[in-house]
Amino acid sequence: MDKAESPWSSSQHAFGKGVLAAFKTILTYTLFATYLGVGALAHDLNFSPLWAILATALVWAAPAQMILLTALGSGGTAVQAAVAVSLSAIRLLPMVVALLPMLRGPNTKSWHLILPTHFVAVTVWVESMRLVPSVPRERRIAFVNGLGIGVLGATTVSTLVGYNLAAILPPLFGAAVLFLTPISFLLTTASNSRMLMDRLALALGIVFLPLATLLNTGVDMLIAGVAAGTIAYAVHRLRASR
Amino acid sequence: MSSFIGDWHALWMLLIVGVLPNEIWRVFGFLAGRKIDEGAEILVWVRAVATAIIGCVIMQVLIVPPGALASVPTPVRFSAFIAGFVIYLLVRRSVLAGVIGAELVLLGGKWWLT
């Protein structure tokens, strides 16, 4: 066997396969549409095009960007905006913790993990958790970097397109693209859940959030997410021990 | 060109108020995750919590809709969401069919009620 025939023979190949994988998932296309909406919102609130694309590339989390846009655009204080953004971003922590050990090999330096860490948000995380197990370990970082560049590149383009189309987009379009987030997150997470634990965690997260909202703590997602995830994990352990 | 860049004050605000408070959670995840062994049991729990939080994000958008989505009445949002899931189950677990079905119910409901 010629070594070059293997699709995983080099990091460049793995990176290329990652970029291709970005365009094979419906999540990239729904995110593309979502970011048309984010770009249009940035335009309507008088932020510059550079501001809008830097926000997409550097914040790289649609909910945080919408919070930031509406908080700053409506004249809220910087401190309030920063706190709201940060609360929405806590979810990134467990995603990074769950992914990095899958990417690390015996020769991996910590700095190799910096870029994959930045790419983690729901879309890249869900697709990485699904695809990485079938990638040879020494190519996983290159693969995730390709996936991240593919998804982030597409959404940076759509942020700019949405920004420039803002004036002609009908109001119903905004509602339709914003609705893509909940329905595509639900269906792709459901279809990628192999274990009962994952499905249970997803369902309990959906049910617990309104209950946590009643507590009026400001950290609804943290409380509901930890409670729902812990119960799903406990059920998984109980079933395994029987 | 300057209309593309905008004013520098806004760009600094983006970094300090947007990028830093957001990225810090990825940094904490990096510090915690780079040393954990892949077979560690705690990672199973962490994955359950991460998945549950996706459920929370889904519900958050439905009950506190951002921007233009707020103009769609609550019953229409929930009907479209449930319809999307049912269509997904009926059409051989097709994510595309579920997403398109949900969007059609959302737009149809909004059009019919206003």
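Just so we're on the same page: letters track the sequence lines, and every chain starts at 1. Since this is a predicted model, take the numbers as computed values, not measurements.
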Rounded distance (nearest 0.5 Å) linking atom CD1 of B/I100 with atom CD1 of A/I26: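 Reported to 0.5 Å precision, the distance equals 7.0 Å.
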Just verifying a value: how many Å separate A/R104 CZ and B/K35 NZ, rounded to the nearest 0.5 Å?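 If I round to the nearest 0.5 Å, the distance is 7.5 Å.
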In terms of heavy-atom proximity below 4.5 Å to chain B, should [X] be classed as side chain, backbone, both, or neither?
{"X": "A/S184", "result": "both"}
{"X": "A/A234", "result": "neither"}
{"X": "A/V126", "result": "side chain"}
{"X": "A/L202", "result": "both"}
{"X": "A/W125", "result": "side chain"}
{"X": "A/M66", "result": "side chain"}
{"X": "A/M102", "result": "both"}
{"X": "A/I231", "result": "neither"}

Using every non-hydrogen atom in the two residues, find where [X] and [Y] come nearest and quote the distance to one decimal.
{"X": "A/L187", "Y": "B/V95", "value": "CD1-O, 3.7 Å"}
{"X": "A/V96", "Y": "B/G29", "value": "CG1-C, 3.4 Å"}
{"X": "A/I183", "Y": "B/A102", "value": "CG1-CB, 3.7 Å"}
{"X": "B/A52", "Y": "A/G229", "value": "CB-N, 3.6 Å"}
{"X": "A/A176", "Y": "B/L106", "value": "CA-CD2, 4.1 Å"}
{"X": "B/L69", "Y": "A/L178", "value": "N-CD1, 3.8 Å"}

[X] vs [Y] side-chain heavy atoms within contact, under 4.5 Å:
{"X": "A/R237", "Y": "B/V44", "answer": "no"}
{"X": "A/Y29", "Y": "B/L96", "answer": "no"}
{"X": "A/Y233", "Y": "B/I42", "answer": "no"}
{"X": "B/V46", "Y": "A/P94", "answer": "yes"}
{"X": "A/S110", "Y": "B/F30", "answer": "yes"}

Would you mind telling me which of B/R93, B/Q60, B/K110 has the largest number of heavy-atom pairs within less than 4.5 Å of chain A? B/Q60
Among the options B/I63, B/L107, B/I53, B/V27, pick out the one with the most heavy-atom pairs lying under 4.5 Å from chain A.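 Option with the greatest count: B/I53.
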Is A/W51 reaching over with its side chain to a backbone N or O of B/G6, donor-acceptor style, under 3.5 angstrom? no
Contacting moiety of [X], where chain A heavy atoms sit under 4.5 Å:
{"X": "B/F81", "value": "both"}
{"X": "B/A40", "value": "neither"}
{"X": "B/V61", "value": "side chain"}
{"X": "B/L11", "value": "both"}
{"X": "B/D37", "value": "backbone"}

Option in A/A121, A/P210, A/P63 with maximal non-hydrogen atom pairs under 4.5 Å from chain B: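 Looking at each option in turn, the highest pair count goes to A/P210.
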Highest number of heavy-atom pairs under 4.5 Å with chain B: which of A/L72, A/T213, A/L93, A/V122? A/L93
Per-residue contacts, residues 13-26 of chain B versus chain A, heavy atoms under 4.5 Å: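 B/M13, B/L14, B/L15, B/V17, B/G18, B/V19, B/P21, B/N22, B/E23, B/I24, B/W25, B/R26 fall under the 4.5 Å cut-off.
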